[in-house]
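Reading through the structure tokens given below for one structure.
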Amino acid sequence: MLLFGGISDLLAAEYVVTQRNKGFEYNGKAAETLTIHVGDTIRFKNEDAFFHAIFSESASNAFKLNRITTGQSEVVKFDEPGTVDVECAIHRSMYIEVKVK
């Protein structure tokens with residue numbers, strides 16, 4: 001019986017990236033880049049008073065999160081190395097570059 005998804009799942013980290021003031025924050029500070037490892041996850045948490053629709057169309061790790069409301073969060077797992085451009089479809093000035101090693 002396999003209890004875990006594999007050793008990489010045991011070593012994976014979860015990062016919390018907050019949406020606040022129509023921007024991305026990590027550890028309470030504005031963030032334009034974040035470096036993580038293959039298998040890690042990012043929890044995108046909305047602390048604004050309005051919706052966000054976070055997405056990436058990058059070749060590696062493309063995803064789409066629709067309508068994250070105030071207080072909600074969604075988790076994305078990054079399975080491939082590469083640079084991931086993350087934006088908000090509603091607030092086009094919101095951007096963070098995730099480097100997956």
Side-chain angles (χ1 to χ4, degrees):
M1 176 183 194
L2 184 61
L3 297 176
F4 301 103
I7 201 74
S8 63
D9 286 343
L10 292 174
L11 301 175
E14 180 177 273
Y15 297 82
V16 177
V17 172
T18 304
Q19 291 91 68
R20 184 178 296 131
N21 299 321
K22 295 182 184 176
F24 290 104
E25 292 184 359
Y26 178 68
N27 281 339
K29 297 179 183 176
E32 294 180 4
T33 62
L34 179 64
T35 301
I36 65 173
H37 294 93
V38 171
D40 288 349
T41 60
I42 296 179
R43 177 175 299 277
F44 291 96
K45 184 176 181 186
N46 184 358
E47 292 188 359
D48 271 330
F50 32 80
F51 294 113
H52 289 294
I54 307 304
F55 75 97
S56 174
E57 294 178 341
S58 296
S60 66
N61 303 292
F63 66 91
K64 183 178 179 181
L65 306 176
N66 290 319
R67 291 196 172 238
I68 304 173
T69 61
T70 303
Q72 272 191 321
S73 64
E74 296 284 339
V75 176
V76 176
K77 184 174 182 180
F78 292 81
D79 289 324
E80 298 179 38
T83 299
V84 183
D85 299 314
V86 179
E87 303 173 63
C88 177
I90 300 168
H91 308 100
R92 299 303 270 169
S93 64
M94 290 178 64
Y95 174 83
I96 187 170
E97 179 183 81
V98 178
K99 296 177 183 179
V100 185
K101 293 184 172 191

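The figures here come from the full heavy-atom set of this structure, side chains too, leaving out hydrogens, waters and symmetry mates. Computed from a prediction, not measured in an experiment: that's the story for all the values here.
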Nearest-0.5 Å distance that lies between atom [atom1] in [X] and atom [atom2] in [Y]:
{"X": "Ile90", "Y": "Arg67", "atom1": "CD1", "atom2": "CZ", "value": "6.5 Å"}
{"X": "Tyr15", "Y": "Asn27", "atom1": "OH", "atom2": "CG", "value": "10.0 Å"}
{"X": "Met94", "Y": "Lys22", "atom1": "CE", "atom2": "NZ", "value": "10.0 Å"}
{"X": "Glu74", "Y": "Ile68", "atom1": "CD", "atom2": "CD1", "value": "5.5 Å"}
{"X": "Lys77", "Y": "Ile36", "atom1": "NZ", "atom2": "CD1", "value": "11.0 Å"}
{"X": "Ser73", "Y": "Ile54", "atom1": "OG", "atom2": "CD1", "value": "12.0 Å"}

Determine whether a donor-acceptor pair (N or O, by modelled atom type, separation under 3.5 Å) exists between the side chain of Asp48 and the backbone of Asn21. yes

Taking Ser58 for its side chain and Asp85 for its backbone only, find out whether a donor-acceptor pair lies under 3.5 Å. yes

Side chains of Asn66 and Phe51: does their closest heavy-atom pair fall under 4.5 Å? no

Any side-chain heavy-atom pair from Thr83 and Glu97 closer than 4.5 angstrom? yes

Would you please classify the geometry between the Phe44 ring and the Phe24 ring as parallel, tilted or perpendicular, with 30° and 60° separating the classes? perpendicular

Could you pull out the closest heavy-atom pair between [X] and [Y], with the gap in Å?
{"X": "Gly39", "Y": "Ala12", "answer": "O-CB, 3.2 Å"}
{"X": "Val100", "Y": "His37", "answer": "CG1-C, 3.9 Å"}
{"X": "Thr35", "Y": "Lys101", "answer": "CG2-CE, 3.7 Å"}

Is there a continuous path of hydrophobic side-chain contacts, each under 4.5 Å between heavy atoms, that joins Ile42 to Phe55? no

Among Asn61, Thr41, Val38, exactly one meets side chain to side chain contact (heavy atoms under 4.5 Å, CB included) together with Phe78. Which residue is that? Asn61

Looking only at the aromatic ring of each residue, does the gap between the centers of Phe50 and His91 stay below 6.0 angstrom? yes

Looking at Glu14, I'd like to know if its CD atom is crowded, meaning that more than 12 non-hydrogen atoms belonging to other residues, nucleotides or ligands lie closer than 6.0 Å. yes

